[in-house]
Amino acid sequence: MKSTSTPKVGFVSLGCPKALVDSEQILTQLRAEGYAIAPTYQGADLVVVNTCGFIDDAVQESLDAIGEALEENGKVIVTGCLGAKKGADGQGLIQAVHPKVLAVTGPHALGEVMQHVHQHLPKPHDPYTDLVPPQGIKLTPKHYAYLKISEGCNHRCSFCIIPSMRGDLVSRDIGEVMREAENLVKAGVKELLVISQDTSAYGVDVKYRTGFVNGKPVKTKMTDLVQALAELGIWVRLHYVYPYPHVDEILPLMAAGKVLPYLDVPFQHAHPRVLKSMKRPASGEKNIERIAAWRAICPDITIRSTFIAGFPGETEAEFEYLLDFLREAQLDRVGCFAYSPVEGASANDLPGALPEEVRAERQARFMEVQEEISTARLQRKVGQTVQVLIDEINQDGAIGRSSADAPEIDGLVYFEPSKTHKVGGFAQVKITGADAHDLWGDAI
Ligand code: SF4
């Protein structure tokens, strides 16, 4: 007899140890959410079948198990390796044989399986977690949110201790990332800021494994993720993008207005010897050429970067080289830190540590050069009309940001709001004035 109080899930687990781990994770999550596990088909409200698609016998065994579950219970969700297999016509093999299954996912798809379970067998009420909105608890204003796609980093930059604290790169499942993004959009978020330690490396650790986004196979890869985010119809801003060649592939999406024409690329330095000493990723890339190529595809792109002045061993000539790079690159937004020895960083042991005054003086010279560049670049916006996302309205007027401005770190756009403007909404603003950081204009 099925109980009406606690929803019960039947579970059939087939396949290798990796599939078994997937089964364990799904069962753990089901129990954690308050579902009961039913030992028989008849006692279950729904059945999950974790399949194997390795050899023909295993495929047949899986298909038979699905058929049996459909016959005995009727409500079946299929997961596992066979879920990713295609039939001769390119369609999913399982749907072709068993069209009545409720949903099919590939392997390692805990989040997706749970989403299907929730859809077909609502979650039991939990007084602790039910107060948490689907998008999670956010510390940012309602209209923008950070989307973290991975944790840790495979690089070992000599000034940085992040890998020793957070370990190597661990990419989140693309289906899970996209579900979070969709929930945020449903909750009213208008701008997603993609963050990680190395956004371009997303998926390297899982060999760009194929995940599932709304049932469609999508690779765990930055370019594929950006494509999927571009479909959400909101502002998508990319941070911590190293200039690897595959970054070029997302520029057409920026040019087409699908993703904000904005790249935050932490160059840190320009001189090859210093970059090598910093052990920077992509230090051998031809960055000036790459920037020129990006601008050729998307002339409106805003490029933000950060640099370190006064790195141990940096000569005056190497610093001048950096300033020349800056003048040539004409970056839009730039932050510069005087090198500071972080405890535990290997750069502290490098020879040629510079006195604090020299580090501070180089930082000031760097910012002076950049200020001129930023002023000139912002001046070019005067007379243009830009779309602005409104962050604040107070007695002095409205404060917002254009596609060129990430929250907290870039500039602002000030204008007089009309009655229809509201925080979290958009405005079209004709720019009338600019300084080195911010813009002023009139709403139109
Ligand atoms: S600075 Fe280097 S080591 Fe540190 S998180 Fe960034 S890429 Fe990784």
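Atoms within a ligand are numbered from 1 in the order they appear, just like the ligands themselves. Any value given below was found using the heavy atoms of this structure, including those in side chains, with hydrogens, waters and symmetry copies removed.
- With salt bridges taken as basic N to acidic carboxylate O contacts below 4.0 Å, one links Arg327 and Asp324.
- Residue-and-atom listing of protein N/O/S atoms under 2.8 Å from atom 2 (Fe) of ligand 1, sorted by chain and number: Cys157 SG.
- In this model, no donor atom of one side chain and acceptor atom of the other lie less than 3.5 Å apart for His269 and Glu318.
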### Message
Test ring pair (Phe, Tyr, Trp, His ring centres under 6.0 Å) on Phe307 and Phe366; report intermediate values, then the result.
### Response
CA-CA 9 Å; Phe307 292 85; Phe366 181 105; 5.3 Å; yes

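- Annotation for ligand 1: atoms under 4.0 Å from non-hydrogen atoms of Tyr242 are 6 (Fe), 7 (S).
- Neither the backbone nor the side chain of Tyr240 has a heavy atom within less than 4.0 Å of ligand 1.
- For Asp332 and Thr302, the side-chain atoms include no donor-acceptor pair closer than 3.5 Å.
- The aromatic ring centres of Tyr262 and His239 sit less than 6.0 Å apart.
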Tabulate below the donor-acceptor pairs under 3.5 Å that side-chain atoms of residues 388-396 make, not counting sequence neighbours, or state none.
unit_1	atom_1	unit_2	atom_2	d
Asp391	OD1	His143	NE2	2.7
Asp391	OD1	Arg401	NH2	3.4
Asp391	OD2	Arg401	NE	2.6
Glu392	OE2	Asn394	ND2	3.0
Asn394	OD1	Asp396	N	2.8
Asn394	OD1	Gly397	N	3.2

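- Asn348 and Glu343 are not linked by any side-chain donor-acceptor pair at a separation below 3.5 angstrom, with hydrogens and angles left out of the test.
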